[in-house]
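Everything below concerns the one structure shown next.
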Amino acid sequence: MVYKTSCLLLPLALVFLDFIITSSLAKPIPTTFINVLTYGAKPDGSTDSTKAFLAAWQVACASVNPTTIIVPKGRFLVGNLVFQGKKCTDTPISIRIAGSLIAPEDYRIVASSEQWIWFESVTDVSIYGGILDAQGSGLWNCKNNGGSNCPTGAKTLLFSGSNNININGLTSINSQKFHIVINSCNNVNIDGVKVSADANSPNTDGIHIQSSHLVSITNSRIGTGDDCISIGPGSTHVSIQGIQCGPGHGISIGSLGIAEEEQGVENVTVSNVDFTATSNGVRIKTWAKNSKSFARNIVFQHINMKMVKNPIIIDQRYCFYKPCPEQESGVEVSNVRYEDIHGTSSTDVAVKLDCSKEKPCTGIVMDNVNLALQLVNQPAQASCSNANGLANDVVIPFTPCLKRDILMT
């Protein structure tokens, strides 16, 4: 009986052994490498390489293997680029940039579109390194000098309707408008980017997130003429960590509530950020009008302020253009935590909670906050209206509409 059982098991064992050997000898899927020079790109900064970049993308898009597009050293002049992903095979595409992509000096060429470089409906796309120079200073001057025929301008880099995106080590300079925009995307990781534009460059947000989920921004240096990072309607599960911000308008939730039927923002953590000479630190901004939007479950923690005009601010009377609405904001702000925030304010009022009478801010918590006036190193002031919550541990300046935690007294 034992002998018969062994005979029956032997073929099964051999099959299993063959499977193990075959699996161990299986070759990894090869990566295809594509160089934009092959398709006619010229690294001289003057030859239009737009068609070459699009041709390289089409090859990568159709590849059944993971593909890496190589952009070697040099300056590549490109106009408006649209990298469409709807017909791609969805195998991973990496773009490794050793050089620079520069926009035409005539800002009107790129500004004819709403974005300079656009990835639409792509999956598993990664960008490593490189410089994007949108040469936007001419448009800034037009706007700042009150020009009547200035175009709105183009965003430098836009990802829309995309999934599993990585942006690592990229530098964006001199954008006409927003530098990097993530719109209607899922699972986005941005690490080690540098964003730079003059302090007087209008509407040049560093990174803008909208209608997107699971977005991580880490270890980045951002200095612009607008928000370093802004988080717009419909965004959830956003993590921001290890950021140096300045110059600029700080890190903002919003603006929210410009439309009545608008999604909100929730589950956002901003941590380990240094603000230097910014007009705001951590800000929530909403329009003073009817809206079903909201901002909730927000954490600002481990933050250093240096010469910041409004270190902590909730502004529910935000207005960007006139005539400004004069209603009470319908945006509901709740469960916002400020923890371990220290540094200096360049104005007397370091904490300003200007909330809506119609929907007061609720669940505001401050814990270990200490902000002093920049020049005299004295405690700053706090201004508070229509806000409710708790003040735990040391809170300087003390915010009068928050209750002391009984357990801490």
Side-chain angles (χ1 to χ4, degrees), residues 66 83-86 88-95 115 117-128 155-170 172 178-195 205-222 227-245 250-256 262-273 282-285 293-303 331-337 339:
F83 299 118
Q84 178 60 251
K86 290 182 179 179
C88 291
T89 58
D90 286 343
T91 54
I93 298 176
S94 297
I95 303 173
Q115 47 277 320
I117 302 170
W118 183 12
F119 290 84
E120 182 183 17
S121 301
V122 301
T123 299
D124 292 322
V125 169
S126 300
I127 298 176
Y128 298 96
K155 310 170 191 71
T156 288
L157 176 63
L158 168 65
F159 279 88
S160 65
S162 299
N163 300 301
N164 307 332
I165 304 303
N166 289 286
I167 303 173
N168 192 295
L170 178 71
S172 175
F178 296 3
H179 285 257
I180 299 172
V181 177
I182 306 299
N183 185 25
S184 300
C185 295
N186 297 295
N187 192 25
V188 178
N189 291 288
I190 301 173
D191 181 70
V193 303
K194 296 178 181 179
V195 175
D205 293 44
I207 301 173
H208 179 70
I209 304 163
Q210 184 151 330
S211 301
S212 297
H213 315 287
L214 295 173
V215 179
S216 172
I217 305 171
T218 54
N219 308 317
S220 297
R221 172 72 176 90
I222 304 172
D227 292 330
C228 290
I229 299 173
S230 55
I231 304 171
S235 299
T236 66
H237 297 94
V238 177
S239 175
I240 298 168
Q241 185 172 0
I243 306 299
Q244 297 179 52
C245 172
I251 294 179
S252 296
I253 309 294
S255 63
L256 301 176
E262 182 183 271
Q263 294 180 308
V265 172
E266 61 183 330
N267 300 324
V268 175
T269 299
V270 178
S271 181
N272 297 101
V273 178
V282 290
R283 174 169 62 159
I284 298 174
K285 53 182 178 178
S293 187
F294 57 83
R296 62 192 181 209
N297 302 333
I298 314 294
V299 177
F300 300 110
Q301 62 183 4
H302 313 315
I303 291 171
V331 178
E332 185 174 353
V333 178
S334 62
N335 298 333
V336 182
R337 184 176 185 88
E339 181 178 5

Check your understanding: What do the steps show when you test Val333 against Ile253 for side-chain contact (heavy atoms from CB on, under 4.5 Å), and what is the final call?
Key -> CA-CA 11 Å; Val333 178; Ile253 309 294; over 6 Å; no
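Side-chain contact, Asn267 with Thr236: no donor N or O sits under 3.5 Å from an acceptor N or O. With hydrogens and angles left out, the side-chain atoms of Ser271 and Thr269 include no donor and acceptor closer than 3.5 Å. Using a 3.5 Å distance cut-off with no hydrogens or angles, the side chains of Arg296 and Ser334 do not pair a donor with an acceptor. No donor-acceptor contact under 3.5 angstrom links the side chains of Thr156 and His179, judged on distance only. Using modelled atom types, one finds a donor on one side chain and an acceptor on the other under 3.5 Å when comparing Asn186 with Asn163.
The shortest side-chain heavy-atom distance between Ile165 and Ile182 does not fall under the 4.5 Å cut-off. Taking the side chain as every heavy atom from C-beta outward, Asp227 and Arg283 approach each other to under 4.5 Å. Between His237 and His213 there is no side-chain heavy-atom pair separated by less than 4.5 Å. Inter-residue side-chain proximity for Ser160 and Ser184 is flagged as unmet; no heavy-atom pair is nearer than 4.5 Å.
The heavy-atom pair separating Thr91 from Pro66 by the smallest distance is CB-N, 4.2 Å. Closest non-hydrogen pair, Cys185 versus Gly161, comes out as SG-N, 3.9 Å. Counting all heavy atoms, side chain and backbone alike, Ser255 lies closest to Pro233 at O-CD, 4.1 Å. Closest heavy-atom contact between Leu256 and Phe294: CD1-O, 3.6 Å. Closest of all the heavy-atom pairs between Ser211 and Asn183 is CB-OD1, 4.0 Å. Heavy atoms only, all atoms of each residue included: Ser230 and Gly254 are closest at CB-O, 3.9 Å.
Atom NE2 of His208 is separated from atom OG of Ser235 by 7.0 Å, given to the nearest 0.5 angstrom. Interatomic distance, Ile240 CD1 to Ile229 CD1, rounded to the nearest 0.5 Å: 4.0 Å. Distance CD1/Ile190 to CG/Leu157: 8.5 Å, rounded to 0.5 Å. For the atom pair CG of Asp124 and OG of Ser94, the computed distance is 9.5 Å after rounding to the nearest 0.5 Å. Taking OG1 from Thr123 and CG from Asn187, the interatomic distance works out to 10.5 Å, rounded to the nearest 0.5 Å. Separating the CG atom in Leu158 from the CH2 atom in Trp118 is a distance of 6.5 Å, to the nearest 0.5 Å.
When Val265, Val268, Val188, Ile217 are each tested for a side chain to side chain contact (heavy atoms under 4.5 Å, CB included) with Ile209, only one passes: Ile217.
In this pair, Phe159 and Phe119 present their aromatic rings parallel. The plane angle is below 30°, not in the 30 to 60° band.
Counting only distance, with no hydrogens or angles, the side chain of Ser293 and the backbone of Gln263 share a donor-acceptor pair below 3.5 Å.
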